[in-house]
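Bear in mind the structure is a predicted one, so any value in this text is a computation, not a measurement. Per chain, numbering begins at 1; letters A, B, ... match sequence-line order.
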Amino acid sequence: MSTLDTRPPALLGTSGQIFLAITLGVAVLVPALNLLLPPDSPFYIPTYVVSLLGKYLTYALLALSVDLIWGYVGILSLGHGAFFALGGYAMGMYLMRQIGTRGVYGDPVLPDFMVFLNWKELPWFWWGFDMFPYAALMVLFAPGVLALVFGWFAFRSRVTGVYLSIITQAMTFALLLAFFRNDMGFGGNNGLTDFKDILGFNIQSDGTRATLFALSALALAGGYVLCRFLVRSHFGKVLVAIRDAETRVRFTGYRAENYKLVAFVVSAMLAGIAGALYVPQVGIINPSEFSPANSIEIIVWVAVGGRGTLVGAALGAVLVNYAKTYFTSGLLAPYWLFMLGGLFVAVTLFLPKGIVGTFYEWREKRRPPPDEAAPPLAEPRPAE
Amino acid sequence: MTTIARFRSFCCALAFLLSVASFCLPGADRAQAQDLSGPLGQIATDNYGNTEAALGELALSGSPAAAGIVSALADGNLVFSPSTRQVFIRNAAGALLDPVTLQPVADAPAVKPVRVNNRIRRAIEAANGALSLVSPDAAKRLDAAQAVGRSRDEAALPALETALAKETDPRVKTAMTLARASIVIAKEGITPAERIAAVELVGAEGNQDALAILRSVPDSAAPEVKQAAADAIAGIERNLAIWGAAQNVWYGVSLGSVLLLAAIGLAITFGVMGVINMAHGEMVMLGAYTTFVVQELIRTYNPALFDASLLIAIPVAFLFTGLIGVLIERTVIRFLYGRALETLLATWGISLIIQQAIRTAFGPTNREVGAPSWMSGTFDLGHLAITYGRLWIVIFAFLVFVALLGVLRLTRIGLEMRAVTQNRRMAASMGIRTNWVDAMTFGLGSGIAGIAGVALSQIDNVSPNLGQSYIIDSFLVVVFGGVGNLWGTLVGAMSLGIANKLLEPYAGAVLGKIALLVIVILFIQKRPRGLFALKGRAIES
Amino acid sequence: MSNLFTHARRVAGRALLGATALAIAGSAVPANAQDTIKVGVLHSLSGTMAISETTLKDTVLFMVKEQNDAGGVLGKKLEAVVVDPASNWPLFAEKARELLEKEKVAVVFGCWTSVSRKSVLPVFKELNGILFYPVQYEGEESERNVFYTGAAPNQQAIPAVDYLMENEGVKRWVLAGTDYVYPRTTNKILEAYLKSKGVAAEDIMINYTPFGHSDWQTIVADIKKFGSAGKKTAVVSTINGDANVPFYKELGNQGIKATDIPVVAFSVGEEELAGIDTKPLVGHLAAWNYFQSVDVPENKAFIEKWRAFIKNDKRVTNDPMEATVIGFNMWVKAVEKAGTTDPDVVIPALIGVAVPNLTGGFSAMMPNHHITKPVLIGEIKDDGQFDVVSQTPGLIVAEEWSPHLEGSKDLISDWRSPMNCGNFNVKTGKCGGAGN
């Protein structure tokens with residue numbers, strides 16, 4: 001573990017500084033180019049690009065949260081989409097309540113889907129969602145509590161590796177089925193949609209979109225700094241140690257399960273925030289966000305960008321989703337799954353450390369190391 | 001309402017009259033019999049009511065040609081010319097015959113078959129049922145007796161009683177007596193003693209149908225009759241509740257065998273080799289598509305072999321998916337040993353590619369895989385209804401399991417597989433070609449998935465999405481049972497299957513499934529390495 | 001119902017006048033500089049819905065080619081812009097935005113599931129696009145920017161139930177569906193309707209299953225049990241897509257024949273049957289507004305041209321395809337009438353447009369943005385086709401707001417001025433949710 005200390009104690013490395021600069025830069029620049037320039041200017045960014053980029057940024061935050069536990073603690077969660085979706089649902093419920101009498105049935109309290117399925121009154125779990133602070137609290141609270149309960153059980157029982165991955169998958173699958181049920185009161189398969197405004201601002205106006213975009217960029221930057229702070233601290237070093245040799249850490253006297261639990265809960269809350277920012281920008285939250293395939297895709301983003309690099313996770317999310325956007329239009333549309341699939345195979349075969357990880361490696365090689373310090377993010381042990 | 005009532009009484013009348021007509025064919029009035037122009041003019045209109053009415057008139061006519069016309073109608077060989085509304089019978093050679101004289105028609109016009117819907121089909125069935133009560137073939141009489149019993153038509157009673165009086169075969173006689181009881185039980189104007197006898201007879205059957213019949217005891221019946229019926233119903237319901245539980249267990253075993261089939265290949269690639277094989281479902285899907293292709297070829301080149309198509313598809317699917325498995329192992333997986341989580345990503349990518357490849361090659365829609373005749377139908381075991389298809393799948397799943405166990409335990413390659421997965425370096429230094437064994441193991445797991453696809457093609461969609469729907473369940477089964485242990489997979493699949501089916505009647509299909517997932521999650525907390533955890537150092541990190 | 005058609009005609013006439021006036025006014029605006037008119041196609045080509053939606057993409061491409069061969073629209077060629085929303089609902093919204101904002105398409109044909117439509121709805125409202133939605137759905141919606149060419153529940157479910165009551169004497173009903181909004185709503189409507197016809201509550205069994213449910217043993221056995229109570233029983237199935245094949249296979253395995261317990265389905269058409277051995281299913285029913293087997297010259301010509309286009313002489317056609325064709329032709333007609341593709345002109349011009357459907361009649365776009373349709377009941381034949389056993393005598397107007405549902409019984413929709421409202425409450429005399 002002492003080898004870890006050979007790194008400079010700075011909170012941010014070079015790439016981290018570049019990453020933050022870019023994130024904060026787009027947070028200002030993109031809304032400005034969208035709002036201030038006339039539409040025929042060559043530098044004008046159309047609104048749909050703003051929402052699209054905003055979506056990518058929330059995905060990047062989600063990938064960051066996965067990288068925190070996968071890259072640094074070795075917990076491969078195949079159910080992280082669940083936390084994202086829960087955060088999204090909390091936000092969606094707030095937005096739903098904001099519709100008020102503007103719903104198609106004009107019911108002041110009940111959302112439309114409840115009216116036409118003959119619900120008579122608002123179920124208790126919808127109470128309070130008309131207040132933004134409460135909803136904002138739930139954005140953190142709902143995924144946080146689920147992660148706490150799930151993690152408390154799982155880590156205490158020392159469920160690790162593949163077993164943990166599969167039960168996280170079972171968790172998100174169970175939630176998927178539950179949210180599909182119309183009797184649950186979350187809108188069933190259709191989910192929550194047709195939002196009107198957020199905090200009194202029209203959700204479709206360019207200004208709101210630009211603001212949401214800027215907030216997403218800030219959240220991503222904040223999330224990055226938080227994760228970076230965590231992994232650079234003593235706490236983070238214990239996490240990495242757990243990743244590489246959990247038993248040894250335990251024998252050294254650390255309560256590994258508590259460390260894992262804290263990281264897991266923080267990660268779930270970050271995912272929840274990402275979900276909450278995602279929903280107003282795409283305009284819908286529905287149970288398909290819980291689908292296991294979505295959660296696997298998040299893992300893929302992280303792997304493509306570079307596991308255990310944070311910057312890479314965010315980069316991977318943006319790149320893969322950009323590829324998805326690009327390939328699903330036009331002539332290439334029927335073939336995009338080939339490319340996506342091929343990309344995953346190629347990355348695992350040729351860039352096992354991901355794009356950023358490979359770049360780091362290349363940089364390390366060019367720069368003669370001060371001593372024979374093993375890179376702290378050397379190939380972690382596979383999930384046993 | 002009235003139409004229905006009229007329709008029902010018509011059915012009965014038709015059934016009865018046809019049977020009477022066939023009794024006394026020689027004595028039928030010739031002159032009347034030949035005059036079928038009225039009903040034949042009506043039978044080919046666009047209105048089912050007219051067709052039905054025409055059928056009625058036809059039966060009333062007592063013509064010897066009537067039975068032939070009815071059976072032609074049932075077989076879709078009663079045709080008419082749309083322009084003249086003239087009706088013909090089409091024979092096997094495709095020639096048009098006059099329906100009455102059965103003489104070929106000189107210049108045949110363009111014709112369309114007379115249309116049949118459920119209503120007409122039922123009328124035909126009832127007619128044929130009553131007709132064959134006096135068939136010389138005992139098996140047919142048995143069927144007819146059962147059909148009449150099911151229809152519970154009072155109007156069929158005289159024909160039934162006549163047949164019963166003449167019946168000599170004891171089995172047919174029992175069936176007819178039962179059929180008579182089912183009708184008598186609800187008949188007006190019957191003595192309580194007779195009705196009670198009928199109630200007892202029906203009650204002794206003890207099945208679901210008997211319940212329905214017993215419930216038809218009219219309110220006007222004597223109190224002691226009602227009491228007898230109520231007792232019989234209560235008895236049957238108690239009995240059926242026990243059988244119902246057994247039936248649920250059978251459904252569970254059947255679902256469990258499907259899960260076992262889906263998961264057992266994964267128990268090799270994931271359980272034994274440690275590859276988180278997300279493309280496993282696609283191997284199952286490829287197996288199902290292989291079945292489709294085999295059936296298509298058989299349909300084209302040798303339709304007589306159709307019943308054997310699944311048997312042929314099994315080795316073909318095994319070889320084909322096994323080969324694909326070897327290919328995947330050689331080109332991708334072998335670079336990833338020791339990096340289990342990365343195999344997840346690569347195989348996920350592969351699964352996307354295979355899915356889209358199939359979608360491009362075969363189109364996104366479902367493909368039809370037919371069931372051979374020996375796989376369709378049901379039989380009753382006590383009060384358990386068991387379908388042949390499911391039974392064969394259960395048997396097949398166990399055969400595959402035993403065969404796989406045999407390969408791993410008894411053959412040289414099995415020994416080598418176990419050696420390599422337990423200690424690769426040691427195995428290599430003992431002269432085992434670990435590369436080759438890896439390829440074979442992955443090929444074996446994929447091949448097993450392929451033959452699972454052959455079986456699943458019988459009960460599920462053959463579409464590019466087939467594999468996706470089994471992958472989560474498969475992983476759950478393997479993990480629940482304990483990675484690396486085939487017996488664990490067997491017990492895991494069966495317990496999940498049976499638990500699911502026992503939960504389903506109470507919680508419903510959706511909640512039952514959710515409850516099961518939660519149970520598995522909690523169970524893993526209790527036994528973090530599954531049901532049958534491998535013990536020893538290899539597992540400890 | 002017979003005078004409905006004349007009504008539609010009259011509406012068409014009126015709309016024509018209005019549209020001409022607007023077209024003249026619009027012609028002062030400089031003409032669009034592009035030489036093609038872009039048509040967006042928003043159907044999933046991958047993922048779970050590709051199984052149904054790919055055909056509709058091909059249908060739009062086919063119609064575009066036909067129209068271009070016939071000289072295009074307004075003297076310009078049409079150009080199809082195909083995107084793949086990959087059965088991913090948020091991606092539908094993203095792709096819709098891309099089509100409208102980046103590609104600047106004049107019209108979009110797309111969506112299958114209700115959730116995909118709900119997902120793109122805010123986008124179409126915001127960017128003022130036109131969406132033609134070609135699939136039967138639960139109703140309870142009428143939006144200015146959406147034209148619904150599939151059936152509302154009363155154009156499919158209720159005539160089917162009527163048929164079973166009258167012709168099969170059904171007294172006991174199993175309403176089996178996948179647990180999502182369309183079956184839930186349809187079953188609520190049917191339940192209310194059956195009760196109004198005197199069916200007792202204990203004679204109705206409602207069952208919901210998850211998406212892609214594949215093990216039907218228990219449920220089919222339950223249906224069998226429910227059906228052996230001595231009354232004629234039928235199953236009304238709103239089971240969705242993928243779950244149908246195992247459901248029908250299990251029906252066949254357990255020996256439930258159509259003459260015992262008929263199943264009438266609202267989501268099973270020729271495409272779905274193409275994946276099943278239909279011999280054990282002969283006689284089970286489906287209710288649609290179109291069947292491939294409809295024996296009229298229009299349909300035959302269409303099938304022939306479609307097969308030539310798709311280069312497969314066995315390719316089947318189905319109801320959502322017909323709805324796509326009708327929608328496409330309506331849009332072309334309205335654009336030609338309006339003389340522009342500007343949605344603000346085309347949307348009002350569409351109301352009243354009547355085009356031939358493929359069952360030998362005309363379908364008209366009504367002021368509620370739904371179309372008039374005949375309802376056909378078909379029995380499954382052993383070749384995977386349907387035998388039409390019943391057809392409503394006239395055309396049926398969609399009840400987009402079901403009178404059988406508590407929340408919507410007072411609502412109507414009329415997108416003509418002066419009402420211009422999709423959810424007008426006749427009790428309060430106010431437009432429900434438009435906020436004005």
Side-chain angles (χ1 to χ4, degrees), chain B residues 1 3-5 7-8 48 115-119 121-122 125 152 208-209 211-213 215-216 247-248 250-251 254-255 258 355-356 359 363-371 375-378 385 387-390 458-465 468-470 500-501 504-505 508-510 513, chain C residues 45-48 50-55 165-169 179 207-210 212-219 221-222 224-225 228-230 232 241-246 249-250 252-255 258-260 262 271-280 282-283 285 379 384 387 389-390:
Chain B
M1 207 67 154
T3 22
I4 300 150
F7 160 61
R8 277 190 73 104
Y48 292 106
R115 294 193 324 178
V116 174
N117 69 353
N118 282 333
R119 183 173 165 184
R121 222 172 271 129
R122 256 196 310 274
E125 233 169 64
R152 284 185 274 147
Q208 197 69 42
D209 295 336
L211 268 185
I213 298 168
R215 290 201 177 103
S216 68
Q247 182 84 60
N248 275 336
W250 163 251
Y251 288 154
S254 151
L255 176 62
V258 169
Q355 265 180 55
Q356 193 64 9
R359 202 170 277 135
T365 47
N366 290 329
R367 289 288 153 172
E368 177 190 334
V369 173
M375 276 193 81
S376 32
T378 50
T387 57
Y388 283 106
R390 294 280 177 175
Q458 289 300 309
I459 53 168
D460 209 337
N461 294 288
V462 180
S463 80
N465 304 333
Q468 296 270 294
S469 46
Y470 287 100
N500 194 345
K501 283 296 162 185
E504 197 177 312
V510 188
K513 180 106 199 206
Chain C
L45 310 179
S46 55
T48 48
I51 184 170
S52 306
E53 293 192 61
T54 311
T55 312
M165 275 199 261
E166 281 161 23
N167 280 283
E168 304 256 354
D179 190 5
N207 179 289
Y208 291 107
T209 38
H213 191 65
S214 61
D215 194 281
W216 289 92
Q217 298 181 90
T218 316
I219 291 161
D222 282 350
K224 215 169 159 182
K225 206 162 156 192
S228 63
K232 180 75 188 168
D242 269 4
N244 272 306
V245 173
K249 282 188 174 168
E250 192 63 40
N253 280 341
Q254 296 204 15
T259 42
D260 309 329
E271 285 264 291
E272 287 76 15
L273 286 186
I276 324 180
D277 176 16
T278 51
K279 282 179 199 71
V282 169
L285 303 123
E379 277 186 5
D387 187 9
V389 293
S390 162

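- Scanning all heavy atoms of the two residues, the minimum distance from B:Asn461 to C:Pro246 falls at ND2-CD, 3.8 Å.
- Although no hydrogens or angles enter the test, the distance criterion places a donor-acceptor pair under 3.5 Å between the side chain of C:Trp216 and the main chain of C:Ala243.
- Here the side chain of B:Gln247 pairs a donor or acceptor atom with the backbone of B:Ala385 at under 3.5 angstrom.
- With respect to chain B, the highest number of heavy-atom pairs below 4.5 Å among C:Asp179, C:Asn244, C:Val282, C:Asn207 belongs to C:Val282.
- Contact of B:Arg367 with chain C is made through the backbone alone, with heavy-atom distances under 4.5 Å.
- By number of non-hydrogen pairs under 4.5 angstrom with chain C, the leading residue of B:Asn465, B:Thr378, B:Asn500 is B:Asn465.
- Considering only heavy-atom pairs separated by less than 4.5 Å from chain C, the leading option among B:Arg359, B:Arg390, B:Lys501, B:Gln355 is B:Arg390.
- Between the side chain of B:Lys513 and the backbone N or O of C:Pro210 there is no donor-acceptor pair closer than 3.5 Å.
- Heavy atoms only, all atoms of each residue included: C:Pro262 and C:Leu285 are closest at CB-CD1, 3.8 Å.
- C:Lys279 does not touch chain B: none of its heavy atoms, backbone or side chain, sits under 4.5 Å away.
- Neither the backbone nor the side chain of B:Leu211 comes within contact range of chain C; no heavy atoms are under 4.5 Å apart.
- Residue contact with chain C, scored on non-hydrogen atoms closer than 4.5 Å, involves the backbone and the side chain of B:Thr365 alike.
- The contact between C:Asp215 and chain B is made by backbone and side chain atoms together, counting heavy-atom distances below 4.5 Å.
- The shortest side-chain heavy-atom distance between B:Asn248 and B:Pro505 falls under the 4.5 Å cut-off.
- Residues B:Gln458 and B:Val369 meet the side-chain proximity criterion, which asks for heavy atoms closer than 4.5 Å.
- Under the 3.5 Å distance criterion, the side-chain polar atoms of C:Asp387 are left unmatched by any main-chain donor or acceptor of C:Glu379.
- Heavy atoms of B:Asp460 lying under 4.5 Å from chain C belong to its backbone as well as its side chain.
- Contact annotation for C:Gln254: both backbone and side-chain heavy atoms come within less than 4.5 Å of a heavy atom of chain B.
- Contact annotation for C:Glu250: only side-chain heavy atoms (C-beta onward) come within less than 4.5 Å of a heavy atom of chain B.
- Heavy atoms of B:Val258 lying under 4.5 Å from chain C are absent altogether.
- Only the backbone of C:Leu45 has a heavy atom closer than 4.5 Å to any heavy atom of chain B.
- B:Glu504 has its side chain within reach of C:Ile219: a pair of non-hydrogen atoms, C-beta onward, lies under 4.5 Å apart.
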